[in-house]
Chemist: 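Attaching a single structure in structure tokens format; questions to follow.
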There are 2 protein chains.
Amino acid sequence: MVKVKRMSLETLRREEILQAALGVIAEKGRANVTLEDIAKAYGCSKGGITYYYSSKEALFKDVFKYFFDTISQKTQKELDKHLDPLSKMLSFIWFVDEENPQTMLMYPLLFEMMSIAYVNTEYQEAFHEWMKSRSDTVLTIVEEGKNAGIFQVDDAAFAVLTVTAAGHGIITRWYLDRKTYSTEWAKKALQYTVIQLLQVKPA
Amino acid sequence: MVKVKRMSLETLRREEILQAALGVIAEKGRANVTLEDIAKAYGCSKGGITYYYSSKEALFKDVFKYFFDTISQKTQKELDKHLDPLSKMLSFIWFVDEENPQTMLMYPLLFEMMSIAYVNTEYQEAFHEWMKSRSDTVLTIVEEGKNAGIFQVDDAAFAVLTVTAAGHGIITRWYLDRKTYSTEWAKKALQYTVIQLLQVKPA
DNA sequence: TTAAAAAAAACGTTTGGTCGGTTTTTGAAA
DNA sequence: TTTCAAAAACCGACCAAACGTTTTTTTTAA
């Protein structure tokens, strides 16, 4: 971990605290989290937290930034494993992985994000930017597939928004109600929506 | 409003308070709502609220129950306007109606619901039951369409879960980021997902 | 007059932020 | 290498504000 050694102590501590906070939020729900909870989870006192974060709000903002960054990085990492557009589009099933605690932690944050966004313009704006950058990434893939004749859909931009939105709905329901929306279903559904909504050319 | 006259005063007051609470939640976000906010919105004192609701939690629970009921009723009402399965499936665009404040109020509640559900088993269970009943309703329609040869998808149960989940994602993104996910897009996307995911027979 | 309905006041708890103090680390001088 | 003062890191008691709930008081209506 050269990176860690290079970090200033402050940067390191802030990230450690932030990750602890994320865990506590995912466990108790944002509204029920106190500074003491976070301090306890991290293993320090309340003073230790306020030493690195001027306010709870500031800390939470950083948590959400971390949430965005983590998802973007993971997405990119999975995309880079594949070359052809169809495989890339199907790589998004990494979202459906019950065994990966890191991934599972992100869902509560997504829900909290949406709950804040509908009332707070700053978060709403952040959500908008996130969606935009995400769409751009996917659009490149879809257009490439369209040019290659793999995706036969007319309107690539429209299809991108639709297939990503559909994916959003699928993983949301999977996370919240795995009794009805099983893991098996979620994986198949993600695949099915890609095939049907991008109109993948039959083999 | 014969119904209202038949109600006991208590039932009436409870419903009025509940609706006021819903409005305040949608406006300020659940975590930031106090009893005084609700009292002010309703036009009474804090004591007036506690006279009819033993606790804030009890009131909020009723708000979410109201939320479920309202959506179910509205859904049924829209479904009843149509006879053929395809029209019925397309009737769900009532969700996308910026001009209907009643409808728009429901989105914040949906987001709050999900935020509570991931941490509270009681709400999680309620969400599950809601999804189940919703799926059953749609399954009837899809099977009818399948028998009539309108929907050519193989697995009706699978398709139902997928098309409803996709719809969930579409309306969610539409509500939260209308800059990227325009109203026009949302309506087209709902239609498109029905057609593609249920494999509607070409005319 | 009495009981229900509503308001007002009081109460007690929780919690985020502050701040003075304590411990630990750092780095330069001896 | 040791010493030691200054800075950084961290602790935790305390405070004030916010809030849900309970209790008391007032108003309304039958």
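Just so it is clear: chains get the letters A, B, ... in the order the sequence lines come, proteins before strands, and each one is counted from 1. Everything numeric in this text was worked out from a predicted model, so none of it was measured.
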Chemist: Please report the distance, rounded to the nearest Å, between CD1 in I49(A) and P in dT18(C).
Modeler: 15 Å

Chemist: Which listed nucleotide (dA10(C), dG17(C), dA7(C)) is nearest to the side chain of S45(B)?
Modeler: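 Selected nucleotide (nearest to the side chain): dA7(C).
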
Chemist: Quick one: label S55(A) by what it contacts on the DNA or RNA (base, sugar-phosphate, nothing), any heavy atom closer than 4.0 Å.
Modeler: sugar-phosphate

Chemist: Figure out the NZ/C1' separation between K40(A) and dC10(D), and round it to whole Å.
Modeler: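 About 19 Å, once rounded to whole Å.
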
Chemist: Send over the distance from Y53(B) OH to dA5(C) P, rounded to a whole Å.
Modeler: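 Computing the Y53(B):OH to dA5(C):P distance gives 15 Å.
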
Chemist: Is R13(A) close enough to dA8(D) that one of its side-chain N or O atoms is under 4.0 Å from OP1 or OP2 there?
Modeler: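 For dA8(D), OP1/OP2 do not have a side-chain N/O of R13(A) under 4.0 Å.
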
Chemist: Rounded to whole angstroms, how far apart are OH on Y52(A) and P on dG16(C)?
Modeler: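 From Y52(A) OH to dG16(C) P: 20 Å.
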
Chemist: Would you please confirm or rule out a distance under 4.0 Å between OP1 or OP2 of dC10(D) and any side-chain N or O of Y51(A)?
Modeler: no

Chemist: Is K56(B) near enough to dG20(D) that one of its side-chain N or O atoms lies under 4.0 angstrom from OP1 or OP2?
Modeler: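 Answer is yes, contact under 4.0 Å.
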
Chemist: E57(B) has an atom CD; how far is it from atom P of dG20(D), in whole Å?
Modeler: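 E57(B) atom CD is separated from dG20(D) atom P by 11 Å.
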
Chemist: Compare the minimum distances between each of dA9(D), dA7(C), dG12(D) and the side chain of L9(A), then state the nucleotide with the smallest one.
Modeler: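 Ranking dA9(D), dA7(C), dG12(D) by closest atom to the L9(A) side chain puts dA9(D) first.
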
Chemist: Would E78(A) and K74(A) pass as an ion pair if we require N to O under 4.0 Å?
Modeler: yes

Chemist: Could you tell me whether E122(A) and K61(A) have a side-chain N and a carboxylate O separated by less than 4.0 Å?
Modeler: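 Looking at E122(A) and K61(A), the cut-off is met.
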
Chemist: Are side-chain N/O atoms of T162(B) and W185(A) paired as donor and acceptor at under 3.5 Å?
Modeler: yes

Chemist: Which whole-number value in Å describes the distance from N32(A) CG to dT15(C) C1'?
Modeler: 13 Å

Chemist: Is the closest basic N to carboxylate O distance between K179(A) and E125(B) below 4.0 Å?
Modeler: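 E125(B) and K179(A): salt-bridged.
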
Chemist: Over all heavy atoms of both residues, which pair between T193(A) and I170(A) is shortest? Give the atoms and the distance, please.
Modeler: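 That closest heavy-atom pairing would be CG2-CD1, 3.7 Å.
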
Chemist: At 4.0 Å (heavy atoms only), tell me whether L35(B) reaches a base, stays on the sugar-phosphate, or touches nothing.
Modeler: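 L35(B): base contact, heavy atoms under 4.0 Å.
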
Chemist: Please state how far atom CG in L12(A) lies from atom C1' in dA9(D), giving the value in whole angstrom units.
Modeler: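 To the nearest whole Å, that distance equals 13 Å.
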
Chemist: Looking at every strand, decide which applies to T50(A) at a 4.0 Å heavy-atom threshold: base, sugar-phosphate, or nothing.
Modeler: base

Chemist: Atom CD of E36(A) and atom C1' of dG17(C): how far apart are they, to the nearest Å?
Modeler: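 Answer to the nearest Å: 12 Å.
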
